[in-house]
> 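Got a structure for you, questions after.
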There are 2 protein chains.
Amino acid sequence: MDREATRPGGDKRPDTPPPAGRPGPGGGAAFLLAQLGAHAAERFAQRIAELDLTPAQAGLLRLLVQNPGRSQRELADALGMPPSRFVPFADGLEQRGLIERRRNAEDRRLYALHLTDQGLALLGRLRDTALAHEQDVTQSLTPEEHAQLTALLTRIAAQQQLTPGVHPGYRTLRGR
Amino acid sequence: MDREATRPGGDKRPDTPPPAGRPGPGGGAAFLLAQLGAHAAERFAQRIAELDLTPAQAGLLRLLVQNPGRSQRELADALGMPPSRFVPFADGLEQRGLIERRRNAEDRRLYALHLTDQGLALLGRLRDTALAHEQDVTQSLTPEEHAQLTALLTRIAAQQQLTPGVHPGYRTLRGR
DNA sequence: TATTGTTATACTCTATAACTATA
DNA sequence: TATAGTTATAGAGTATAACAATA
């Protein structure tokens with residue numbers, strides 16, 4: 001849509017002085033990160049919606065394959081959601097046969113969550129989707145630039161003390 | 001918190017095969033973008049909260065300084081929010097004396113929104129905050145790497161057809 | 001007494017759709 | 001009839017806190 005063409009009235013008295021030369025933010029790396037990050041997250045959410053998964057659900061599957069048997073409280077903490085919200089969240093995946101709750105024999109207050117075979121199979125398709133997403137996002141870069149970008153982002157993530165593999169978008173339950 | 005130390009029971013029967021070598025996603029550029037983007041947006045929201053501004057409010061101020069006199073509908077579209085939500089959103093900024101509604105003489109259905117002197121002054125402080133934020137996020141990079149990162153992200157943003165200066169986080173009203 | 005999992009509830013944010021005034 | 005701005009409202013998503021079972 002052309003915004004200039006459909007502008008009815010308004011710019012007759014530009015009483016605020018024009019912003020000199022450059023607008024300031026909007027072109028900085030931090031802003032681009034936020035903008036592109038939101039965009040990438042949105043596109044990824046759209047892609048995995050075809051697998052009937054939300055970003056948070058995908059995050060849980062990946063957590064479970066990395067170390068199975070974690071308790072619900074631990075997993076809720078890792079995903080950044082309160083335990084009360086984790087319950088219906090896990091319910092959905094359990095009813096679909098993707099994860100399994102097993103009572104812990106030593107401490108019967110705890111559940112140990114495990115991936116089912118079906119869940120493991122879905123995780124495979126999830127990885128294919130993630131790979132396609134990666135290629136989509138970086139299609140304008142050469143292989144060298146792609147590696148360069150990954151290296152720079154990895155360094156920033158480490159310096160900002162972000163936990164690998166988990167991001168704040170997991171806190172929400174929304175598909176998009 | 002050390003998650004390993006507080007793990008009660010669970011990992012006695014790792015019935016799912018270990019994930020071979022690399023975990024797959026989580027280390028890709030697309031995932032890092034989403035993770036770092038959410039982090040950067042969160043930090044920025046915290047910073048500008050000291051100016052009593054949300055990211056969406058900051059976005060509106062920047063839109064208004066770039067071309068004043070736009071109608072509410074245009075601005076709502078640019079920010080990605082429905083007109084009904086824009087009304088109380090603009091109300092808040094108007095009551096604080098940061099923006100001004102002026103009736104359009106040619107089409108009296110329209111309001112032309114303008115930045116007040118006070119709004120312009122706050123925008124100045126906002127730019128200082130954005131600069132500090134930029135430096136915080138990129139503090140682990142050399143000036144050359146910083147420029148490199150900005151160039152790579154700019155290229156991706158253009159290829160993904162993102163509108164400069166606007167990002168989807170503006171759709172929400174939440175301070176954080 | 002403390003902790004895990006669960007449920008109940010109140011609250012916030014949101015989009016949809018009516019309404020008005022102008023065109 | 002169509003559009004800008006506004007208001008009303010119902011729905012979704014959320015966190016807080018109470019609860020039962022186990023330690």
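On a predicted model such as this, the values are computed, not experimentally measured, just so you know. To find a chain, count down the sequence lines: A is the first, B the second, and so on, and within it residues start at 1.
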> One character per nucleotide, please: for nucleotides 18-23 of chain D, 5' to 3', B when the base has a protein heavy atom closer than 4.0 Å, S when only the sugar-phosphate does, - otherwise.
----BS
> Taking OP1 and OP2 of dA2(C), is either one under 4.0 Å from a side-chain nitrogen or oxygen of Arg73(A)?
no
> Could you state the CG-C1' distance from Leu110(A) to dA2(C), rounded to the nearest angstrom?
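Distance, rounded to whole Å: 13 Å.
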> Over how many whole Å does the gap from Arg103(B) atom CZ to dA23(C) atom C1' extend?
13 Å
> Would you mind checking if Arg96(A) and Asp91(A) are paired as a salt bridge, meaning a charged N to carboxylate O distance below 4.0 Å?
no
> Choose from dT14(C), dT6(D), dG5(C) the nucleotide whose nearest atom is closest to any side-chain atom of Tyr111(A).
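The answer is dG5(C).
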> Check whether Arg85(A) reaches the backbone of Ala76(A) with its side chain - one donor and one acceptor, N or O, closer than 3.5 Å.
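The answer is no, because no donor-acceptor pair under 3.5 Å joins these two groups.
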> Whole angstrom is fine here: how far is it from CD in Glu74(B) over to C1' in dT3(D)?
13 Å
> Indicate, yes or no, whether a donor-acceptor pair under 3.5 Å links the base of dT16(C) to the side chain of Ser84(B).
yes
> With Arg73(A), which residues qualify under salt bridge (charged side-chain N to carboxylate O under 4.0 Å, His left out), at least two apart?
none
> Identify whether any heavy atom of Arg101(B) sits under 4.0 Å from a base atom; if not, whether one sits that close to sugar-phosphate; answer base, sugar-phosphate or nothing.
sugar-phosphate
> Which other residues end up in the same hydrophobic cluster as Val87(B), if Ile, Leu, Val, Met, Phe, Trp and Tyr are linked when side-chain heavy atoms come under 4.5 Å apart?
none
> Please state how far atom CG in Asp91(A) lies from atom P in dG5(C), giving the value in whole angstrom units.
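Going from CG in Asp91(A) over to P in dG5(C) covers 13 Å.
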> With sequence neighbours excluded, what pairs up with His39(B) under the ring-ring contact (aromatic ring centres under 6.0 Å, His included) test?
none
> Starting at atom CZ of Phe89(B), determine the distance to atom C1' of dG5(D), rounded to an integer number of angstrom.
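After rounding, the gap between these two atoms is 16 Å.
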> Expressed in angstrom and rounded to an integer, what is the separation of Arg171(A) atom CZ from dT12(C) atom P?
19 Å
> Rounding to a whole Å, what distance do you find between Arg85(B):CZ and dT7(D):P?
16 Å
> If you measure only the distance, is there a donor-acceptor pair under 3.5 Å linking the side chains of Arg102(A) and Tyr111(A)?
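Arg102(A) vs Tyr111(A): no donor-acceptor pair found between side chains.
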> Could you check if a side-chain atom of Ile48(B) sits within less than 4.5 angstrom of a side-chain atom of Pro55(B), using non-hydrogen atoms only?
yes
> Which residues pass the ring-ring contact (aromatic ring centres under 6.0 Å, His included) test with Tyr170(A), sequence neighbours left out?
His167(A)
> Consider the side chain of Pro82(A), meaning its heavy atoms from C-beta on, and name the nucleotide among dA15(C), dT16(D), dT6(D) that approaches it most closely.
dT16(D)
> Which part of the nucleic acid does Phe86(B) contact within heavy-atom distance under 4.0 Å: base, sugar-phosphate only, or nothing?
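No contact.
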> The helix from dT1(C)-dA23(D) to dA23(C)-dT1(D): angle between its terminal axes, five pairs each, to 10°?
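It comes to 10° between the two terminal axes.
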> Taking 4.0 angstrom as the limit, do Arg47(A) and Asp136(A) come out as a salt bridge?
yes
> Leu79(A) CG to dT14(D) P: how many Å, rounded?
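Checked: the CG to P distance equals 13 Å.
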